[in-house]
S.K.: 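Below is a structure I'd like to ask you about.
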Amino acid sequence: MAGDYIVKDIALAEFGRKELNIAETEMPGLMALREEYGDSKPLKGARIVGSLHMTIQTAVLIETLVALGADVRWASCNVFSTQDHAAAAIAAGDIPVFAIKGQSLEEHWDYLDKSFLFDEGPNMILDDGGDATLYVLLGARAEAGEDIIPVPQSEEEAVIKAQIKKRMEASPGWFTKTRDAIMGVSEETTTGVHRLYELQKNGQLPFPAINVNDSVTKSKFDNKYGCKESLVDGIRRATDTMMAGKVAVVCGYGDVGKGSAASLQGAGARVKVTEADPICALQAAMDGFEVVLLEEALDADIFITTTGNKDIIRIEHMREMKDMAIVGNIGHFDNEIQVAALKNHKWTNIKEQVDMIEMPSGNRMILLSEGRLLNLGNATGHPSFVMSASFTNQVLAQIELFTRGDQYENEVYILPKHLDEKVAALHLGRVGAKLTKLTSEQASYIGVTPEGPFKPEHYRY
Ligand code: NAI
């Protein structure tokens with residue numbers, strides 16, 4: 001249906017299309033899937049609810065799903081991450097999309113609701129952080145008269161509950177019917193994957209799920225090399241601060257932390273790391289970073305959380321920071337920094353997604369994207385090339401769940417290694433990498449076949 005969208009300005013579509021055309025040249029995995037499956041259309045009949053940052057790269061993903069036969073409705077998974085020209089280009093192509101950069105929380109959940117409203121109802125979810133899955137499962141629980149489980153971001157709880165109530169009143173039984181029609185979900189990120197395993201553990205996962213994040217060609221590339229480029233990009237666009245010589249603290253040294261520390265180090269900052277896991281702490285130390293307690297590093301200039309955990313930078317930390325310290329988060333949710341505790345302080349908005357907050361001591365702090373993931377709030381997220389690897393996994397996961405979902409239990413799965421290797425292989429040409437072919441003697445000597453898979457399941461990369 002034409003006009004079935006909410007975007008900032010449809011006139012931005014032409015600009016969006018130009019950038020989409022450029023992005024396609026950097027997304028060889030997605031373009032190869034269009035080539036491979038464009039005629040057979042394995043997603044014909046799939047009605048996919050997408051909840052993932054509405055960027056230019058996501059627009060290429062959406063158009064790939066459509067080229068493979070799917071019907072798609074889309075919302076962003078974060079209030080600040082939409083690129084309005086990307087959303088406009090998608091809307092102009094008659095694909096329903098509901099996303100505006102800077103939308104309110106109420107709009108966020110309303111737009112997510114709208115992305116479910118296919119005439120025949122959806123049958124697939126493509127999620128980033130788990131909000132779409134959470135919405136339908138919480139709603140179905142509410143319809144069954146059960147208590148709605150507490151949601152991780154507590155300040156959003158009231159908004160989510162209100163949206164669920166609205167939908168229940170408008171369409172009784174809708175959540176249960178929708179949940180029962182879903183054939184599967186593919187999940188993009190670490191935080192959403194945590195939620196899925198939790199549901200599986202509690203016997204509450206009503207459909208199969210594919211954990212896209214833990215494809216090697218996702219988390220070891222997007223989370224790491226993506227953040228390596230997009231973290232400093234976000235800080236620079238927000239603050240124009242000189243990074244060289246400054247002291248930066250990165251909280252967490254998982255995949256995102258590794259990329260973030262490398263990003264800041266590459267810009268010339270002196271980087272310290274905090275960690276809770278001794279393995280990651282040792283990795284950080286042996287990569288040359290000082291591993292410290294946050295309490296001992298509060299005289300730093302820049303603080304970045306990357307943990308996917310809550311209450312990492314707390315109010316007592318922020319009160320001790322020096323004047324004009326820069327604080328931001330690149331993890332999925334905003335609860336890594338205790339932003340709620342700053343609400344009664346004096347805020348001065350500098351520009352979109354940049355605020356200066358005055359502490360009782362008189363020291364000021366620069367907070368990026370109100371504590372939401374700053375690489376998408378203050379910049380444009382990861383470059384297309386690395387997102388091509390992530391999204392090629394997403395498309396393969398959607399094909400797998402839609403065409404062979406009946407062969408899966410209601411559990412969380414990872415794509416098989418030969419597909420992971422295929423995703424990597426599709427990206428080699430663009431960077432001029434040449435692959436050595438194993439002889440059959442060499443292959444059998446190391447216990448593989450010349451076509452792969454080249455590593456056992458337990459290999460860690
Ligand atoms: P991970 O699990 O590999 O790393 C998180 C690390 O934080 C772990 O090593 C853990 O030990 C550490 N940690 C936990 N609590 C801590 C504490 N209190 N102090 C210090 N360290 C602590 O997870 P990954 O893949 O690095 O993802 C982190 C977050 O980033 C997730 O929320 C994920 O969804 C998100 N993400 C964001 C992206 C972006 O573009 N902004 C891209 C990919 C993931």
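Read the numbers this way: they start at 1 and go in the same order the structure lists the ligands and their atoms.
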S.K.: If you count the non-hydrogen atoms of other residues, nucleotides and ligands that lie under 6.0 Å from CE in M242, is the total more than 12?
M.R.: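 Counting other residues, nucleotides and ligands, CE of M242 stays at 12 neighbours or fewer.
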S.K.: Check whether the side chains of T307 and E336 place a donor and an acceptor atom closer than 3.5 Å, and report yes or no.
M.R.: yes
S.K.: Assess whether salt bridge (Lys or Arg N to Asp or Glu O under 4.0 Å) is satisfied between E316 and R319, documenting all intermediate values.
M.R.: CA-CA 5 Å; E316 65 265 27; R319 288 212 173 114; over 6 Å; no
S.K.: Which residue and atom name correspond to the protein heavy atom nearest atom 22 (C) of ligand 1, and how close is it?
M.R.: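 For this ligand atom, the closest protein heavy atom is T307 CG2, 3.5 Å.
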S.K.: Given L293, T190, T306, D214, which has its nearest heavy atom closest to atom 28 (C) of ligand 1?
M.R.: T306
S.K.: Nearest protein heavy-atom contact for atom 42 (C) of ligand 1: which residue, which atom, what distance?
M.R.: D222 OD1, 3.7 Å
S.K.: So, does N363 use its side chain to make a donor-acceptor pair with the main chain of M321 at under 3.5 Å?
M.R.: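 Indeed, once roles are kept as given, a pair shorter than 3.5 Å links the two residues.
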S.K.: Among all protein heavy atoms, pick out the one at the shortest distance from atom 4 (O) of ligand 1; state its residue, atom name and that distance to 0.1 Å.
M.R.: G254 CA, 3.2 Å
S.K.: When you compare the side chains of T217 and D420, does any donor N or O come within less than 3.5 Å of an acceptor on the partner?
M.R.: yes
S.K.: Parallel, tilted or perpendicular for H427 and F385, by the 30°/60° rule?
M.R.: perpendicular
S.K.: Going by distance only, is there an N or O of D255 that falls short of 3.5 Å from an N or O of ligand 1?
M.R.: yes
S.K.: Which word best sums up how the rings of Y461 and Y459 line up, parallel for under 30°, tilted for 30 to 60°, or perpendicular for over 60°?
M.R.: perpendicular
S.K.: Show which atoms of ligand 1 fall inside a sub-4.0 Å distance from at least one heavy-atom site of H382.
M.R.: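 Numbered from 1, ligand 1 contributes 40 (O), 42 (C).
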S.K.: Would you mind telling me if ligand 1 is within reach of the side chain of T274, the backbone, both or neither, using heavy atoms under 4.0 Å?
M.R.: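 It is both parts that get close, each with some atom under 4.0 Å.
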S.K.: When you compare the side chains of H317 and E295, does any donor N or O come within less than 3.5 Å of an acceptor on the partner?
M.R.: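 Checked: H317/E295 side chains pair up, N/O donor to acceptor below 3.5 Å.
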S.K.: May I ask whether C280 has any heavy atom positioned less than 4.0 angstrom from an atom of ligand 1?
M.R.: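 C280 counts as a contact of ligand 1 under the 4.0 Å cut-off.
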S.K.: Among all protein heavy atoms in this structure, tell me which lies nearest to atom 31 (C) of ligand 1, with the distance rounded to 0.1 Å.
M.R.: T191 OG1, 3.3 Å
S.K.: Could you check S51, C77, S390 and say which one makes a side chain to side chain contact (heavy atoms under 4.5 Å, CB included) with D128?
M.R.: C77
S.K.: Indicate whether the side chain of E370 and that of Q353 have a donor and an acceptor atom separated by less than 3.5 Å.
M.R.: no
S.K.: Looking at N309, which atoms of ligand 1 are within less than 4.0 Å of one of its heavy atoms?
M.R.: 14 (C), 15 (N)
S.K.: Atom 8 (C) of ligand 1: which protein heavy atom is closest, and how many Å away?
M.R.: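 The closest one turns out to be E275 OE2, 3.4 Å.
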S.K.: What is the nearest protein non-hydrogen atom to atom 26 (O) of ligand 1, stated with its residue, atom name and distance?
M.R.: V256 N, 2.8 Å
S.K.: Please write down residue, atom name and distance for the protein heavy atom closest to atom 17 (C) of ligand 1.
M.R.: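 Residue, atom and distance for the closest contact: I312 CD1, 3.7 Å.
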S.K.: Indicate yes or no: does K201 engage E198 in a salt bridge with an N to O separation below 4.0 Å.
M.R.: yes
S.K.: Do N223 and K218 pair up side chain to side chain, a donor and an acceptor below 3.5 Å, judged on atom types alone?
M.R.: yes
S.K.: My understanding is that we take every heavy atom of each candidate and find the minimum distance to atom 37 (C) of ligand 1. Doing that for L373, D277, I330, which one comes out nearest?
M.R.: I330
S.K.: Could you establish whether A276 and ligand 1 come within less than 4.0 Å of each other, counting only heavy atoms on the residue side?
M.R.: yes
S.K.: Run down the list E187, K224, R372, H332 and name the one with the heavy atom closest to atom 35 (C) of ligand 1.
M.R.: H332
S.K.: How far is atom 40 (O) of ligand 1 from its nearest protein heavy atom, and which residue and atom name does that atom have?
M.R.: N375 ND2, 2.8 Å
S.K.: Going by the order shown, which atoms of ligand 1 are within less than 4.0 Å of some heavy atom of T189?
M.R.: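 Matching atoms, with element in brackets: 33 (C), 34 (O), 35 (C), 36 (N), 43 (C), 44 (C).
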S.K.: With respect to N223, determine whether any N or O atom, backbone or side chain, lies less than 3.5 Å from an N or O atom of ligand 1.
M.R.: yes
